[in-house]
Amino acid sequence: MLTLQYLREQKEEALNRLARRCNKELEGFVHKALELDIEKRKILSELENLQAEVNKASKEIGTLMRDGKKDAAEAIKTRVAEIKSRTQDLKTDLNSVDGDLNAVMYQIPNAPHKDVPTGKSAEDNEEVFSAGKLPELGEHALPHWELAAKYKLIDFEMGVKITGAGFPVYTGAGARLQRALINFFLDMASEAGYAEVIPPLVVNEDSGIGTGQLPDKEGQMYYIGEDDLYLIPTAEVPVTNMFRDVILDEGDLPVKKCGYTPCFRREAGSYGKDVRGLNRLHQFDKVEIVQIAQPEESYKVLGEMVDHVKTLLEKLGLPYRILRLCGGDMGFAAATTYDFEVYSAAQDKWLEVSSVSNFEAFQSNRLKCRYRKAGEKKTELVHTLNGSALALPRILAALLENNQDESGIAVPEVLVSYTGFERIEG
RNA sequence: GGAGAAGUGGCAGAGUGGUCGAUUGCACCGGUCUUGAAAACCGGCGUACCGAGAGGUACCGGGGGUUCGAAUCCCUCCUUCUCCGCCA
């Protein structure tokens, strides 16, 4: 969440930035939070003063008891009892105000960066880059779900049988291609200096809160009630949470991690042709890159991550474009997000395959991930960033569709050493 | 899954109701000494919030309770270790 300090000290800027989300409620939330903050601090200072009195009196009692002056001790006790009843009230008030304050703060999304366009929906996103030539397929061109069936790459029906819709079974060359992509992405990330981790696929509540999935967005995650755990919607959650409650040294930054994991999303409310084939799944594979950076560096780091994803798409030979998301289309925790979309020719659709975001201090404030500049005593919140590099299913969809001809599908050259075959044929 | 033991500052390790936010050692930082280093000696050495400051408050695995007062007592959860069972 945003820090109260930021709202207090730079309220106008905060409101300005939040306005880019086109959510009329937000201004009210900010004012509410600041009011509650003042109230909280008023109660807190009164409570702490009383607490100090009690502490002092308790010490006196201790001294008196040791000296055997029981009567004098009893006299102080009655005085303390009065103060205590007052502190009880204050504690109740404090809890209530603090609860309200937290509730409001949890509803305030990250403040978009100054360069983020104001807007309500995907229509207001801004295309900032595009590359690659859109392939022109002949009449014979098939959408990927038909190609998957024709060449026995993916068995959607089998997935339905053993689990349900959105859980495909990759088979034969399809499975092999999937694994090739994972290895290719991981190798590229390693080369770019990201240290590989294999995190748990299931996380606890604290982790969900740390990266912003909880509270309020439980509906997106699969929940294991018996153990109070959540299936991860992205490796971002476990990997970023490795740094929860951690104080780093300046010299540790930037931290660069990457990880491959399956991702699980309930995608409640999705329907129709959006979910056809590989377009939207409940379980999918993704390689994620994560960085933890100094605040002054974070936008440079964001650019570096964007460049990394560009490289991947170019090596795969996929036409793509980059969108800077508008305020209204960005995720709750993000300050800036670039979405990457590849063109999937047979569907004639742009498919989102990566989302690269700078969360600034929004996540680190929840995570309590701080760093200390060399020689300084004070700690400061780090900036966290992450991006998909890349999400597999839509990449696979685009590869199948764009690289098809009448007799088969060509495997991109960079993948051949991983797949062991150059073409998929009937 | 069953039985037992334990969780204290970066690490080690004291502390079982009253100046304990916490003895001590190591590590670390600064200084003295030294040609330099080591050793020795002196000093410093957790986090967060409130406060202009002095200072105050909170935190000894998490949460709750008893008490004027809790690291210390009680309840509960979590984790680790040992033994048994089961198992890739």
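Chain naming here is simple, since letters A, B, ... match the order of the sequence lines and numbering starts at 1 in each.
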*Would you mind reading off the distance between A/Leu94 atom CG and B/C49 atom P, rounded to a whole angstrom?*
15 Å
*asked:* Rounding to an integer number of Å, can you tell me how far A/Asp98 CG sits from B/U57 P?
replied: 19 Å
*According to the Watson-Crick and G-U wobble definitions, with both distances under 3.5 Å, which nucleotide is paired to B/A3?*
B/U82
*Would you say a side-chain N or O of A/Asn55 is under 4.0 Å from OP1 or OP2 of B/A58?*
yes
*For the pair A/Glu360 and A/Arg17, find out whether any cationic side-chain nitrogen is under 4.0 Å from an anionic carboxylate oxygen.*
yes
*asked:* Just the rounded figure in Å: distance from P of B/G56 to CD of A/Glu48.
replied: 12 Å
_Test: A/Glu126 and A/Arg324 ion pair at under 4.0 Å_ = yes
*For B/A39, the Watson-Crick or wobble partner whose two distances fall under 3.5 Å*: none
*Between A/Asp245 (CG) and B/G46 (P), how many Å, whole number?*
19 Å
*Could you state the CD1-C1' distance from A/Ile247 to B/C45, rounded to the nearest angstrom?*
14 Å
*asked:* Salt bridge or not between A/Glu304 and A/Lys256? Use side-chain N to carboxylate O under 4.0 Å.
replied: yes
_Short side-chain N/O contact to B/G69 OP1/OP2 from A/Lys84, under 4.0 Å_ = yes
*Should B/A48 form a Watson-Crick or G-U wobble pair with both distances under 3.5 Å, which nucleotide is its partner?*
B/U57
*May I ask you to decide if the ring planes of A/Phe264 and A/Tyr222 are parallel, tilted or perpendicular, using 30° and 60° as cut-offs?*
perpendicular
_Atom-pair distance (NZ on A/Lys59; P on B/C20), nearest Å_ = 8 Å
*Between B/G30 (P) and A/Glu376 (CD): distance, integer Å*: 16 Å
